[in-house]
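In listed order, ligands and their atoms are each counted from 1.
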Amino acid sequence: MPAPSPLIDLAELERPALEAALAERGHQKFHAGQIYRWIYRRGVVDLDAMTDLSRDLRAALASEFRLSTPGLVHRETSSDGTEKFLLRLADGRQIESVFIPDTPAQTFCISTQVGCAMACAFCLTGKMGLVRNLTAAEIVGQVRVLVDALHMRETAFNIVLMGMGEPLHNYDETMKALRMLADAQGFALPPRRVTLSTVGLLPALERLAREPIMPNLAISLHAPTDEKRGELVPLNKKYGVADIIAAAKKFPVRKRSRITFEYVLLAGVNDSIDDARKLAKLLRGVKSKVNLIPLNAAPGIPFERPSDLAIDRFAKTLADSGLLVSVRKSRGRDIRAACGQLIVEGQKRSAAQQLAVSM
Ligand code: SAH
């Protein structure tokens, strides 16, 4: 391993921290705004390209700071326009990010961890175990790379934290990334354009409820009873269905907004009319909508996708009981970019790296 660089990584700094770092080194604080605009609005990856800073200042900064950017290893385009990006991080680890066009918005599906500790029974990322958390620079770095690669500097986009990882299991870096993305001198991304999807880490969810920057919330439910959910989501043994629903009822949902409950449909497991009725009853009184995700099947995943008929029947049962329901269109399946299909081979956990589900 190369020795860690003594230079401060600009990509890791929120703007107030950048101002402080500049001031400590005898520079003017206002350069922080200029630097942010170069990195996030104009997409430069090199201090020397920041040409509205004087030559002397650039030289001084180059001896104090660096700017890390994930490397683009490979990109692949699906027949439906979805694009998958394989990115390399400074330590050689790799992650995937996905661009999903016209849904109707332009959407980036961003990772928050290398691998995932949650081990949901139907998810390929879960099979990797957790390799490590991403830093805020690496989370925001995915957005920087995708905006640049897709020439989207002038295009509005949404972000879903539904790539690899459990965002609430990497709480601090995820929230730091959201603050950086929202910065007015940077991407200025409104929090309502961000959706955070969680399997239901309750202490972290309660913490999220008190954050000043509030993304939309999606909760991966997948079954209406502890008995069934426990088979699919190991974390359910710690935080069960009733606790999750209670937390959802208390969650400060924005005006005209709702909590999305994601529900992966598995043939013969959780797709019966009885399951749908129980789900409808469970969600009574919650400001919710249900997003059904027919399983994206893959080798190594011991479940099957229900028939279209079974999917329609399930959706109709929910709708008939007054719930808002949508069925997620599977995008990018031909390039293994769809939900639950993100896995990077060759970097599965070692025993020592495998963290217990500790939250
Ligand atoms: N850890 C977070 C976010 C990542 S996954 C979470 O669990 O919510 C985003 C969604 O894809 C989750 O609802 C997840 O359950 C779902 N998913 C995982 N594997 C899938 C698969 N094989 N087919 C369809 N959806 C899947």
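Here side-chain hydrogen bond (donor to acceptor under 3.5 Å, both in side chains) pairs that include residues 197-217, with residues two or more places apart or in two chains, are E166-T198, Y171-E211, D172-R207, S197-E262, N216-R254.
Rounding to the nearest 0.5 angstrom, the gap separating the CG atom in N170 from the NZ atom in K176 is 11.0 Å. Rounding to the nearest 0.5 Å gives a distance of 11.5 Å between CD of Q28 and CD of E19. Note that the OG atom of S220 and the CD1 atom of I244 stand 9.5 Å from one another [nearest 0.5 Å].
Each of the following atoms of ligand 1 lies closer than 4.0 Å to a heavy atom of S197: 2 (C), 3 (C), 6 (C), 8 (O). Close contacts of ligand 1 with C123, meaning ligand atoms under 4.0 Å from a residue heavy atom, involve 18 (C), 19 (N). Residue-ligand proximity, V199 to ligand 1, at heavy-atom distances under 4.0 Å covers atoms 6 (C), 7 (O), 8 (O). Which parts of ligand 1 touch L295 is read off a 4.0 Å heavy-atom cut-off, strictly below it: atoms 21 (C), 22 (N), 23 (N). Listed by number with element, the atoms of ligand 1 under 4.0 angstrom from any heavy atom of G163 are 4 (C).
Annotation: F122 is in aromatic contact with H222 [ring centroid separation under 6.0 Å].
Residue-to-ligand polar distances keep L161 apart from ligand 1: every N/O pair is separated by 3.5 Å or more. Among the atoms of R328, none of the N or O lies under 3.5 angstrom from an N or O of ligand 1. Checked against a 3.5 angstrom limit, the closest N/O atoms of F122 and ligand 1 fall inside it.
Counting heavy atoms closer than 4.0 Å to ligand 1, residue V264 contributes side-chain atoms (C-beta onward) but none from N, CA, C or O. Contacts with ligand 1 closer than 4.0 Å are made by backbone heavy atoms (N, CA, C, O) of T198 only, the side chain lying farther away. Only the side chain of H222 comes within 4.0 Å of ligand 1, judged by heavy-atom distances. The side chain of E262, and not its backbone, has at least one atom closer than 4.0 Å to an atom of ligand 1 (non-hydrogen atoms only; side chain from C-beta on). When heavy-atom distances to ligand 1 are checked against a 4.0 Å cut-off, I293 comes that close only through its side chain, counted from C-beta outward.
Considering only non-hydrogen atoms, atom 1 (N) of ligand 1 lies nearest to G165 out of G165, A297, A121, C116. Checking P294, A298, S220 against atom 7 (O) of ligand 1, the nearest heavy atom belongs to S220.
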Report task. Just do the salt bridge (Lys or Arg N to Asp or Glu O under 4.0 Å) check on D271 and R313 with the steps written out, would you? Result -> CA-CA 9 Å; D271 64 341; R313 192 185 54 188; 5.0 Å; no
**Report entry** salt bridge (Lys or Arg N to Asp or Glu O under 4.0 Å) assessment of K278 paired with D274
**Finding:** CA-CA 6 Å; K278 284 189 174 130; D274 183 51; 3.0 Å; yes
Report task. Go through the steps for R75 and E96 under the test salt bridge (Lys or Arg N to Asp or Glu O under 4.0 Å), then give the verdict. Result -> CA-CA 10 Å; R75 64 193 271 191; E96 290 181 329; over 6 Å; no
Report task. Could you give me the CA-CA distance, side-chain angles and deciding distance for D80 and K329, then say whether salt bridge (Lys or Arg N to Asp or Glu O under 4.0 Å) is met? Result -> CA-CA 11 Å; D80 66 22; K329 242 173 77 188; over 6 Å; no
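At the top of the distance list for atom 11 (O) of ligand 1, counting protein heavy atoms only, stands C339 CB, 3.6 Å. Closest to atom 23 (N) of ligand 1 among all protein heavy atoms lies N296 N, 2.9 Å. Regarding atom 19 (N) of ligand 1, its nearest protein heavy-atom neighbour is G340 CA, 3.0 Å. Remark: minimum distance from atom 5 (S) of ligand 1 to any protein heavy atom is reached at M162 O, 3.9 Å.
The aromatic rings of F314 and Y263 are tilted relative to each other, their planes meeting at an angle between 30° and 60°. Ring geometry for F157 versus F187: interplanar angle over 60°, hence perpendicular rather than tilted (30 to 60°).
Residues meeting the side chain to side chain contact (heavy atoms under 4.5 Å, CB included) test with D226, sequence neighbours left out: N236, V241.
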